[in-house]
S.K.: 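The structure's right below; bear with me while I get my questions together.
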Amino acid sequence: MTLTVILASIAVFSWKILGYVIPQSWITPGIRQFSERVTVVLMTALVAVQTLISGNQLEFDARVPALGVAAILFALRTPYILVVIAAAAVAGGLRLLGF
């Protein structure tokens with residue numbers, strides 16, 4: 001699992017570096033869309049794994065509602081620092097309540 005994450009991160013990083021190295025005339029719209037989507041999909045997968053998996057099992061704890069709050073605030077275009085504070089407050093509050 002860790003090796004997969006490392007290899008995927010290297011792949012995404014290499015795509016970003018290639019974007020600076022390769023001349024713009026060589027980059028087709030299809031390649032551009034693919035590289036943008038791969039980055040978003042891999043980041044989404046990493047967030048999901050870090051939020052939902054603990055050890056070898058799925059775990060629904062205070063991180064799940066905190067991620068939901070963060071997603072809603074991002075959709076509302078809230079500044080990043082406020083998103084982090086709100087998500088931390090939700091997770092902390094739920095853990096304080098025993099969830």
S.K.: Considering only residues two or more places apart or on different chains, which pairs with a residue in residues 37-57 satisfy salt bridge (charged side-chain N to carboxylate O under 4.0 Å, His left out)?
M.R.: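 For residues 37-57: none.
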S.K.: Do you know which two heavy atoms are closest between A91 and A66, and how far apart they sit?
M.R.: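 Closest approach of A91 to A66, heavy atoms only: CB-CB, 3.9 Å.
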S.K.: Which heavy atom of F74 sits nearest a heavy atom of V83, and at what distance?
M.R.: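 It is CE1-CG1, 3.7 Å.
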S.K.: Same cluster for V69 and F99 if Ile/Leu/Val/Met/Phe/Trp/Tyr side chains link at under 4.5 Å?
M.R.: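 Result: yes, single cluster for both.
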S.K.: Are L52 and L46 connected into the same hydrophobic cluster when the rule is that any two of I, L, V, M, F, W, Y join if their side-chain heavy atoms are below 4.5 Å apart?
M.R.: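 L46 does not cluster with L52.
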S.K.: Are I31 and I22 linked, directly or through intermediate hydrophobic residues, by side-chain heavy-atom contacts shorter than 4.5 Å (ILVMFWY only)?
M.R.: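 In one cluster with I22: I31, yes.
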S.K.: Say you draw a straight line from CD1 of I53 to CZ of R63; how long is it, rounded to the nearest 0.5 Å?
M.R.: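 Spacing of CD1 (I53) from CZ (R63) equals 9.5 Å.
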S.K.: Which heavy-atom pair separates A62 from L94 by the least distance, and what is that distance?
M.R.: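 Heavy-atom minimum between the residues: CB-CB, 3.8 Å.
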S.K.: Quick test of your reading: applying ring pair (Phe, Tyr, Trp, His ring centres under 6.0 Å), list the pairs with at least one residue in residues 46-68, sequence neighbours left out, ordered by first then second residue.
M.R.: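 Sorted result for residues 46-68: empty, none.
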S.K.: How far does CD of Q33 sit from OG1 of T28, to the nearest 0.5 angstrom?
M.R.: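 Between Q33 CD and T28 OG1, I get 9.0 Å after rounding to 0.5 Å.
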S.K.: Heavy-atom distance under 4.5 Å between the side chains of L73 and L82, does that happen here?
M.R.: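 No, every pair of side-chain atoms sits at 4.5 Å or beyond.
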S.K.: From T2 OG1 over to L7 CG, what is the distance, rounded to the nearest 0.5 angstrom?
M.R.: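 T2 atom OG1 to L7 atom CG measures 10.5 Å (nearest 0.5 Å).
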S.K.: Starting from V21 and following side-chain heavy-atom contacts under 4.5 Å between hydrophobic residues (I, L, V, M, F, W, Y), which residues can be reached?
M.R.: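 Via sub-4.5 Å side-chain contacts, V21 links to F13, I17.
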S.K.: What pairs meet the ring pair (Phe, Tyr, Trp, His ring centres under 6.0 Å) rule with one or both residues in residues 30-50, with sequence neighbours excluded?
M.R.: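 Listed once each, the pairs are W15-F34.
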S.K.: Take a 6.0 Å sphere around CD of E36 and say whether it holds more than 12 heavy atoms from other residues, nucleotides or ligands.
M.R.: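 It does: E36 CD has more than 12 such atoms within range.
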S.K.: By the side chain to side chain donor-acceptor pair (under 3.5 Å) test, which pairs, at least two apart or in different chains, include something from residues 72-90?
M.R.: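 Non-adjacent pairs meeting side chain to side chain donor-acceptor pair (under 3.5 Å): zero.
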S.K.: In this structure, would I81 and V90 fall into the same cluster of hydrophobic residues linked by side-chain contacts under 4.5 Å?
M.R.: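 No.
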S.K.: Donor-acceptor pair, T51 side chain versus A48 backbone, under 3.5 Å?
M.R.: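 Such a contact is absent between T51 side chain and A48 backbone.
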S.K.: Is there a side-chain contact between T39 and K16 (heavy atoms, below 4.5 Å)?
M.R.: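 When only atoms from C-beta onward are counted, K16 and T39 do touch, with a gap below 4.5 Å.
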S.K.: Quick one: do L67 and I85 end up in the same hydrophobic cluster if we chain Ile, Leu, Val, Met, Phe, Trp and Tyr together by side-chain heavy atoms under 4.5 Å apart?
M.R.: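 No; tracing contacts between hydrophobic side chains, which count when under 4.5 Å, never links both residues.
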S.K.: For residues 85-99, which residue pairs qualify under salt bridge (charged side-chain N to carboxylate O under 4.0 Å, His left out), counting only residues two or more places apart or in two chains?
M.R.: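 Residue pairs passing salt bridge (charged side-chain N to carboxylate O under 4.0 Å, His left out), neighbours aside: D61-R95.
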